[in-house]
Amino acid sequence: MKRLLAATGAALLIAGSALPTAALTLPYTATGAYRNSTYHKNLTQLTETGDEAFDTVAAALSQLGYREGNSTAGFHGGSAGSGNYTEYGRAFGKVDGTYGYAWCAVFASWCLRVAGAGDSAGGGFSSCSLWLAHLREEGLYSSRASGYRPKPGDLVFFRSAGAGRASDHVGVVRYVKDGRVYTVEGNSSNQVAARDYALTDTYIVGYGKPRYGGEALGESALSMEDAVAGFYVVTNSFLNVRAAATTSSKKLGSLSLGQVVAVTEIASGWGRISYGGSAAYISLDYADFVSPLQYTVQYQADEKVWEDQYFSFDIQTAQAAPEIAGSSFVGWEDAVGRRYGVGEALPAGDLKLTAVYEVLPVEPEPRPEEPSTPPEASPELPETAPEEVPPAEEQLPEAPPPLMEPDPRAAVHAGVVSGIFSAVLGIWWYIRRFLR
């Protein structure tokens, strides 16, 4: 007999993982225009990994395509203005009494702040040259000429030809590949844009190295690119959505530059997404990895319920079930009846698993043996002292048993019997002789 043991009464909720459970959020109150924008939606659906360098880059990529406005009305990032009005400048504060100022440095500061790393590089700055000088004083700066290889989350400082300042532009490093450094930059042609440069490009001055905290993921965004399910951002001016993973399949619609979507499966360079409530596909040639998905497995066994969370680049295996007296654990069962043994790999995605137990048969208790009635014991004779036996040479021969004297009453009896017998024989003889 098998049974599903469900939680009853007040379930015991146990945190099965130390992973963050929240998405990236703003550490300040955003303007209404920005809260209703695509870029706020992009940001707040991303997984907070706890790796501050990784999350800084993810925050930057979530804003890809954001454009500056001509006034505070343009904080949503959707207008093609040129007045330097941005949500990032508004979050930093006015400079010289206005929000309309060059915003590449405040954008990088905003990304650090969103990732929880606002103090890792000396706080927020609106001036590239002042920021570079501060990092140099703190020992957090390496020049391009030093041969330093930048890391994801580093700050990359630039200086235009003929500029009198130490730096007049800054961006966030995504990764280095094939001798080139890939970046995300605010105020690049009046918008947030993805760029790349040769490591030897003289436009690069050097790199700031924030003191990031948090636990490193152990995986880089570059290694997960086009290989791991996660959030992807559209890097082309538009991206067609197809009914199947081929360019010849039916076109269902399109995504715009900077739009972030959840890709749940990847095969042959195509990503599966949800579009209009149905499965659809996009070519990952025109979308870049931003952040992993986070899945939750809920376990329910007897009166215990607990959850385990993991990222989409990990493989999750089924946990052990608690022991229940009188039952044997059979496996974990999902909503469609599929079962998983302890240590078996689980399919990617959110799962609810219920423990299945088999009730063990109860062995009948052996009947106690009836005690047998012991035989009646013979009465014990009193112990007597053994007779002393003289040594062999002193023993006398045993005397013969004494003769018994005849009983005179027995002799009289025998004589009477003999007389009667003789008289009978005499009578019988007389009859036979004289009376025939």
Nearest 0.5 Å please: distance from the [atom1] atom of [X] over to the [atom2] atom of [Y].
X      : Y      : atom1 : atom2 : answer
Asp168 : Cys128 : CG    : SG    : 7.0 Å
Ile282 : Leu252 : CD1   : CG    : 12.0 Å
Asp119 : Arg211 : CG    : CZ    : 11.0 Å
Thr49  : Leu217 : OG1   : CG    : 4.0 Å
Leu61  : Asn42  : CG    : CG    : 10.5 Å
Thr317 : Tyr310 : OG1   : OH    : 10.0 Å

Ring centers of Phe238, Tyr286 separated by less than 6.0 Å: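 Not under 6.0 Å, so no.
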Close aromatic pair by centroid cut-off 6.0 Å: Phe157 and His169: no
Would you say [X]'s side chain and [Y]'s backbone share a donor-acceptor pair under 3.5 angstrom?
X      : Y      : value
Thr47  : Pro292 : yes
Ser254 : Asn240 : no
Ser109 : Phe125 : yes
Tyr212 : Thr56  : no
Asp350 : Thr296 : yes
Asp55  : Leu24  : no
Arg144 : Val205 : no
Asp51  : Phe54  : yes
Trp110 : Glu87  : no
Asp285 : Gly269 : no

May I ask you to check whether over 12 heavy atoms, not counting those of [X], lie within 6.0 Å of atom [atom1]?
X      : atom1 : value
Asn70  : CG    : yes
Glu323 : CD    : no
Glu138 : CD    : yes

Is there a side-chain contact between [X] and [Y], using heavy atoms and a 4.5 Å cut-off?
X      : Y      : result
Leu257 : Asn236 : no
Tyr175 : Ser220 : no
His76  : Tyr66  : no
Ser143 : Tyr148 : no
Tyr295 : Gln316 : no
Tyr340 : Leu353 : yes
Leu284 : Ile266 : yes
Asn187 : Trp103 : yes

Test salt bridge (charged side-chain N to carboxylate O under 4.0 Å, His left out) applied to Asp288 - qualifying residues, sequence neighbours left out: Arg174
Minimum heavy-atom distance between [X] and [Y], given as atom pair plus value:
X      : Y      : answer
Gly253 : Tyr275 : CA-OH, 3.5 Å
Arg195 : Ser189 : NH2-OG, 3.6 Å
Val57  : Gly153 : CG2-N, 3.5 Å
Ala166 : Leu132 : O-CD1, 4.4 Å
Tyr39  : Gly65  : OH-O, 3.1 Å
Val172 : Ala108 : CG2-CB, 4.2 Å

Verdict with reasoning, Gln63 to Tyr88, per side-chain hydrogen bond (donor to acceptor under 3.5 Å, both in side chains): CA-CA 11 Å; Gln63 306 301 292; Tyr88 322 114; 2.9 Å; yes
Any side-chain donor near an acceptor of the partner, Arg242 and Thr247, under 3.5 Å: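 No, no side-chain donor-acceptor contact under 3.5 Å.
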Distance-only donor-acceptor check, side chains Trp306 and Gln298, under 3.5 Å: no
Step-by-step side chain to side chain contact (heavy atoms under 4.5 Å, CB included) determination, Phe107 to Phe92: CA-CA 9 Å; Phe107 172 71; Phe92 181 84; over 6 Å; no
Working for ring-ring contact (aromatic ring centres under 6.0 Å, His included), residues Tyr197 and Phe158: CA-CA 11 Å; Tyr197 310 87; Phe158 304 93; 5.0 Å; yes
Those residues that, when tested against Phe289, pass ring-ring contact (aromatic ring centres under 6.0 Å, His included) (two or more places apart): Tyr232
ring-ring contact (aromatic ring centres under 6.0 Å, His included) partners for Tyr34, two or more places apart: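 Here the qualifying residues are His40.
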Result of checking Thr183, Leu155, Val106 against Val170 for side chain to side chain contact (heavy atoms under 4.5 Å, CB included): Leu155
Derivation of the side chain to side chain contact (heavy atoms under 4.5 Å, CB included) call for Thr98 and Tyr85: CA-CA 9 Å; Thr98 181; Tyr85 280 83; 3.5 Å; yes
Candidate pair Arg35 and Thr29, rule side chain to side chain contact (heavy atoms under 4.5 Å, CB included), full reasoning: CA-CA 9 Å; Arg35 282 199 308 271; Thr29 302; 4.2 Å; yes
Lys352 charged N/C atom sitting above Tyr299 aromatic ring, 6.0 Å / 45°: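 No, Lys352 and Tyr299 do not form such a contact.
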Face-on cation placement of Arg90 at Tyr99 ring, 6.0 Å and 45° thresholds: no
Worked check of side chain to side chain contact (heavy atoms under 4.5 Å, CB included) between Phe329 and Val356: CA-CA 6 Å; Phe329 176 68; Val356 180; 5.8 Å; no
Charged N-O contact under 4.0 Å between Arg339 and Glu333: yes
Electrostatic pair Asp154:Lys209 at N-O distance under 4.0 angstrom: no
